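Here is the structure we will look at, set down as structure tokens.
All values reported here derive from a predicted model rather than from experimental measurement.
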Amino acid sequence: MFKKTLLGAVAVAAMLAGTAQAEDLKVFRIGILGGENEADRLRNFQCMVEQLPAAIGVEKVSLFPAADYDGVVQGLLGGTLDYAELGASGYAKVYLADPKAVEPILTTIQTDGSTGYYAVMVARKDSGIKTLEDMKGKKLGFADPDSTSGFLVPSVSLPNDVGTSIDEYFGETGFGGGHENLVLEVVKGNFDAGTTWSSGVGKFEDGYTSGNLRKMVDKGILDMGDLVQVWQSPQIPNGPIVVRSSMDTDMKTKFKEFMMALPEKDPECFSAIQGGDYKGFTEVDEEFYKTIIAARKAKIGS
């Protein structure tokens, strides 16, 4: 009887594994972080819809642009997304909720060879704000509660730089609804300054080589001549490309190979997805993000 029960359990497990692999062969689901116009995000990832089916052996690729960072995080935790590009804090949130939900496999390499970027605080050039000292008592905007550069790192680093808590130093704080919208709110004067992300490489007047400012400049919705940089954080680890841990191993391998080859095979697609100029990808795992995981756990808890 025990033998029959054991054999039955093995058969069920095999059937479930086969079902999961069969599902992997049908639809590959991509989660896209919020913080930018939805039409732009869908257009940037269209090349993946066209190329991935043949490359990894699925019938179709579906795009899921979330309204905010948490929408993608919850999709990954629920197993309804197969791949996403997260910020380090977004990955830390997933990891702290379920360390086995996703695997970080790759991150980007900046044009200077580094694998990090920066949080920057920008203000209107005509505001008279040039330094952190000028921001005392003023209204500061953050991008998103789950953004590494738009909230986590500034919330940890700024108190050290201003010598007191954020609540005591700034007159008011708030969230701008994503990186792009935050900068637009700064330009409109609804925030005195705001935190967003940048490679920190290249020229400020170009929006640097990559990051939110560069994407906005390239889309023609931002003139860097209207802004001034007030502050820059310590370097932050570039966010990971993550895949669903339960994905078929062969598909994971094919997907990783596709992504590694993308910068040379289709530079336009690579640039569109990443939002600027990068050298390519390099392999990472959860160890690369242990400092951000620890910072998020200490600051936010999850």
Side-chain angles (χ1 to χ4, degrees), residues 32-48 65 69 84-90 106-125 141-144 147-151 153-154 176-188 191 193-241 259 262-263 266-282:
I32 309 175
L33 293 178
E36 175 179 15
N37 178 279
E38 182 175 312
D40 292 335
R41 287 182 285 156
L42 291 173
R43 181 169 56 251
N44 290 340
F45 276 83
Q46 184 58 36
C47 55
M48 301 287 273
Y69 280 46
E85 306 215 0
L86 298 175
S89 183
L106 300 169
T107 194
T108 47
I109 305 171
Q110 305 286 6
T111 57
D112 66 349
S114 68
T115 52
Y117 69 111
Y118 300 90
V120 295
M121 185 188 298
V122 294
R124 279 177 57 135
K125 191 172 184 178
F142 297 113
D144 185 287
S147 170
T148 319
S149 58
F151 179 63
V153 168
H179 286 274
E180 182 176 284
N181 195 59
L182 170 69
V183 174
L184 293 176
E185 291 297 300
V186 171
V187 172
K188 293 175 185 176
F191 289 107
T195 57
T196 188
W197 67 288
S198 162
S199 66
V201 180
K203 298 178 180 179
F204 176 78
E205 54 263 37
D206 296 331
Y208 295 109
T209 57
S210 62
N212 178 56
L213 298 172
R214 177 58 181 269
K215 288 197 289 185
M216 294 179 71
V217 169
D218 288 347
K219 289 193 289 187
I221 61 174
L222 178 65
D223 182 345
M224 291 299 292
D226 294 334
L227 298 177
V228 62
Q229 183 168 309
V230 176
W231 171 83
Q232 180 172 295
S233 74
Q235 193 175 63
I236 305 165
N238 284 346
I241 286 175
M259 294 300 286
L262 191 62
D266 192 340
E268 288 188 10
C269 180
F270 173 62
S271 180
I273 293 168
Q274 300 307 321
D277 297 330
Y278 294 87
K279 276 190 173 182
F281 293 115
T282 188

Exercise. Checking side-chain contact (heavy atoms from CB on, under 4.5 Å) for the pair L213/L227: CA distance, chi angles, key distance, verdict?
Worked result: CA-CA 10 Å; L213 298 172; L227 298 177; 4.3 Å; yes
Problem set entry | Worked verdict on K279 versus D112 for side-chain contact (heavy atoms from CB on, under 4.5 Å) | CA-CA 8 Å; K279 276 190 173 182; D112 66 349; over 6 Å; no
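Side chain of T148 to backbone of S89: a donor-acceptor contact under 3.5 angstrom is found. Judged by distance alone, the side chain of R214 and the main-chain N or O of G276 form no donor-acceptor pair under 3.5 Å.
In this structure, the side chains of R41 and E38 come closer than 4.5 Å at one or more pairs of heavy atoms. Within the 4.5 Å cutoff, no side-chain heavy atoms of N44 are placed close to those of I273. Residues P154 and W231 meet the side-chain proximity criterion, which asks for heavy atoms closer than 4.5 Å. Taking 4.5 Å as the limit, every side-chain heavy atom of C47 sits out of range of all side-chain heavy atoms of L262. The shortest side-chain heavy-atom distance between M259 and L106 falls under the 4.5 Å cut-off. Between S210 and D277 the shortest side-chain heavy-atom distance does not fall below 4.5 Å. When side chains are defined from C-beta on, T108 does not count as touching E85, because their heavy atoms never get closer than 4.5 Å.
Electrostatic pairing of D218 and K215 does not count as a salt bridge here, judged by no charged N lying under 4.0 Å from a carboxylate O.
Separating the CG atom in N212 from the OG1 atom in T195 is a distance of 10.5 Å, to the nearest 0.5 Å.
Q110 and Y208 share no donor-acceptor pair across their side chains, judged by distance under 3.5 Å alone. Side-chain atoms of T107 and T115 include no donor-acceptor pair closer than 3.5 Å. Donor-acceptor pairing under 3.5 Å is lacking for the side chains of Y117 and S198.
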For residues 176-183, run the donor-acceptor check on the side chains, cut-off 3.5 Å, and write out each pair with its distance to 0.1 Å, sequence neighbours left out.
unit_1	atom_1	unit_2	atom_2	d
H179	ND1	T196	OG1	2.9
H179	NE2	Y69	OH	3.2
H179	NE2	S147	OG	2.9
E180	OE1	K219	NZ	2.4
E180	OE2	N37	N	3.4
N181	ND2	G176	O	2.6

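Every residue two or more places apart in sequence or in another chain that forms a ring pair (Phe, Tyr, Trp, His ring centres under 6.0 Å) with F281 is listed here: F270.
For the pair G194 and V186, the tightest heavy-atom approach, listed with the atom from each and the gap, is N-CG2, 3.6 Å. Residues Y118 and S233 approach most closely at CD2-O, 3.1 Å, considering heavy atoms. Of all non-hydrogen atoms in P65 and L42, the two that sit nearest each other are CG-CD2, 3.8 Å.
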